[in-house]
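Please read the structure below before turning to the comments.
Hydrogens, waters and symmetry mates play no part in the numbers below; they use all other heavy atoms, side chains included. Residue numbers start from 1 in every chain, and the chains themselves are labelled A, B, ... in the order their sequence lines are given, proteins ahead of strands. A quick note: this is a predicted structure, and the numbers were derived from the prediction, not measured.
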Protein chains: 2
Amino acid sequence: MENGYHVAVVGATGAVGTKMIQMLEQTTLPIKKVKLLASKRSAGKQLSFKGQLVTIEELVADSFEGVDIALFSAGGSISKTFAPEAVKRGAVVVDNTSHFRMNPEVPLVVPEVNKEALKAHKGIIANPNCSTIQMMVALEPIRQAVGLDRILVSTYQAVSGAGASAIEELQTQAKDYLSGKPADELKAEILPAGGDKKHYPIAFNALPQIDVFGEQDYTNEEWKMIHETKKIMSDDSLKVVATCVRIPVVMGHSESVYIETKDATTADALKELMKKAPGVVLQDDPSQQIYPQALTSMGKKETFVGRIRQDIDVENGFHLWIVSDNLLKGAAWNSVQIAETLHEMNLVRV
Amino acid sequence: MENGYHVAVVGATGAVGTKMIQMLEQTTLPIKKVKLLASKRSAGKQLSFKGQLVTIEELVADSFEGVDIALFSAGGSISKTFAPEAVKRGAVVVDNTSHFRMNPEVPLVVPEVNKEALKAHKGIIANPNCSTIQMMVALEPIRQAVGLDRILVSTYQAVSGAGASAIEELQTQAKDYLSGKPADELKAEILPAGGDKKHYPIAFNALPQIDVFGEQDYTNEEWKMIHETKKIMSDDSLKVVATCVRIPVVMGHSESVYIETKDATTADALKELMKKAPGVVLQDDPSQQIYPQALTSMGKKETFVGRIRQDIDVENGFHLWIVSDNLLKGAAWNSVQIAETLHEMNLVRV
């Protein structure tokens, strides 16, 4: 690196890609050049970076010549093909897709939780699933303090997790419904899962399917939360189960989380932990109706935690409400934060 | 009763009251006359019942002279004052408010679950909370077959549970947001709880508060689910905990429910139970993306159950997704069904 890194964003026009550019504008990472890569369709268009227009280039293997850090968010098949090409050309890849996450050679990193795992990277680092990241930020300090035996989570996920076209779909459906179109005539082509057979309206609805169905009638989104949690926390004995639900929210994933701790603790002790936890903002005052909300999390990098309370029946059982901007901490910000951490730990291969 | 009952609806112009009138149009209960009661403000207006216009009368104690069955849904303070007046005049009251629910002298009834409790009524029968009712319809057959040790529920509740003005609030906020109004300028005067100090937008948001906060930092909606479940299932040792969340849906409450059974069973056995359960429709085929949805539950009297699957870690643990129209089975239909059951069991005092 001379005067900063040459950073590429793959999938620069997508819902996450555009947020990655914003996060790179705010990062402490020294940057000398930004390269914006996308499909042929978007090549030639221009996007602003720190007040300068940058022309989008078509993604090809040689795009990565001279690139130090490449942030990928253009779908698993793009990452599968091009991440190794980027590594071959000397770049370190931070990949936001699910493609490499469970690969034992690829660190899966939430910087507040397991940045030490970065030391073993072989060129590719995976960014976890959005709904997993915010849960890890909130629960790791608890795991360290009193141990974790079990996690049961029900999610309330925003449509932006399914990309810019899903946001448009929700908005169009909502407008149509408010203009009097019956619910069964709302046009649905994307949600619950772009690649699945059937599509259902999300406006004024709740869909208990994110991604396609996998083993044992759990969806792949649910499996991601289960497997990724164990990998990030390095604990295969941890009990984790998820029910993942899409709701008509544009930005901000909310999670109703139940945990059982190994050691005895109290709701007040957990609140104290959250006050000190890196990346966490405690919003928990029932007397003033203070609790995290999707709308107020929008545009913020932190994970918001509230409604912390002891279970009525189980002594070591506790409930939490965890909210974060799924495109920022859940995707773009966590990726840029990984890049910052690689730099701080001197792990960018230049 | 000569040629049918004289039935009064108290709160006839409200979100639930209008549905009660619809349900009375469809009921098997013999009806000779319907009396529609509301506040002075609505008196004189007309509503249609079976094609005939009925003039709304102002609610006073003497309104109940000659009434056999009175369905109340006009708020707890109205029920407190006027339900005893109705009983004094010989009517049997089915009350949809929370006012009498935990009174040990008042049966709290979901007909599919505990209609025998009606035999002990002293004039007033309470209709449970909307989110409790649908959970009871789905879980009682499981409790009877394999026992229930524990219920953990996270709800996804529609705004219509907070009345017609909350529906209007959601729709106005959604229109404003879609027209470009920033989230922090959306006008909120009703949700999360009409009687509470602060109000937040519900459009494109999720609010982890329904009703005001009560003991141990649980909301009263959460306490209702806990206490009412134990009363309806007549089991104080049952472990029940709820996290209640409002989402931007007009009609249809959804619930992510985790249970632990006393005896060993399987997801397939639970599906078979649901197929035979009264009032339940099983919608559970991941291969065809079949699962219950708020939008498709609208206008239906049944409770829809799907996504039934065994927990990954706990042998007797199971997950279910339970959806029902909160204004019908959750309120108006359950009330009319109680009236039908009182008639069938010869428990209307005429």
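- With a 4.5 angstrom heavy-atom cutoff, Ala203(A) touches chain B only via backbone atoms.
- Under the side-chain hydrogen bond (donor to acceptor under 3.5 Å, both in side chains) criterion, no residue pair touches residues 164-181 of chain A, with sequence neighbours excluded.
- Residue-level contacts of residues 228-239 of chain A with chain B, in order of numbering, are Lys230(A), Lys239(A); threshold 4.5 Å between heavy atoms.
- Among residues at least two apart or in separate chains, side-chain hydrogen bond (donor to acceptor under 3.5 Å, both in side chains) pairs with a member in residues 305-315 of chain A are Arg307(A)-Glu222(B), Arg309(A)-Thr243(B), Asp311(A)-His319(A).
- With a 4.5 Å cut-off on non-hydrogen atoms, Ser254(B) touches chain A through its side chain but not through its backbone.
- Only the backbone of Pro292(B) comes within less than 4.5 Å of a heavy atom in chain A; its side chain stays farther off.
- Applying the side-chain hydrogen bond (donor to acceptor under 3.5 Å, both in side chains) rule to pairs touching residues 197-206 of chain A yields Asn205(A)-Gln293(B), sequence neighbours excluded.
- No other option in Pro286(A), Ser297(A), Pro201(A), Ala294(A) has as many heavy-atom pairs under 4.5 Å with chain B as Pro286(A).
- Chosen from Thr296(B), Asp217(B), Val314(B), the residue pairing most often with chain A at heavy-atom distances under 4.5 Å is Asp217(B).
- Neither the backbone nor the side chain of Asp184(B) comes within less than 4.5 Å of any heavy atom of chain A.
- In this structure, chain A has a heavy atom under 4.5 Å from the side chain of Leu152(B), while its backbone stays farther away.
- Between Ala206(B) and Val249(A), the shortest heavy-atom contact is N-CG2, 4.4 Å.
- Among Val245(B), Val250(B), Ile247(B), the residue making the largest number of heavy-atom pairs under 4.5 Å with chain A is Val245(B).
- With a threshold of 4.5 angstrom between heavy atoms, Ile312(A) approaches chain B through its backbone and through its side chain.
- Among Ser256(A), Pro248(A), Ala183(A), the residue with the largest count of heavy-atom pairs under 4.5 Å with chain B is Pro248(A).
- Neither the backbone nor the side chain of Val159(B) comes within contact range of chain A, judged by heavy atoms closer than 4.5 Å.
- Between chain B and the residues Pro208(A), Ser287(A), Ala193(A), the most heavy-atom pairs under 4.5 angstrom are made by Pro208(A).
- For the options Met298(A), Met251(A), Gln209(A), Gln288(A), heavy-atom pairs under 4.5 Å to chain B are most numerous at Gln209(A).
- Note that CG of Leu207(A) and CG of Leu295(B) are 8.0 Å apart. Values are rounded to the nearest 0.5 Å.
- Counting heavy-atom pairs under 4.5 Å between each of Phe204(B), Tyr291(B), Trp321(B), Tyr156(B) and chain A puts Tyr156(B) at the top.
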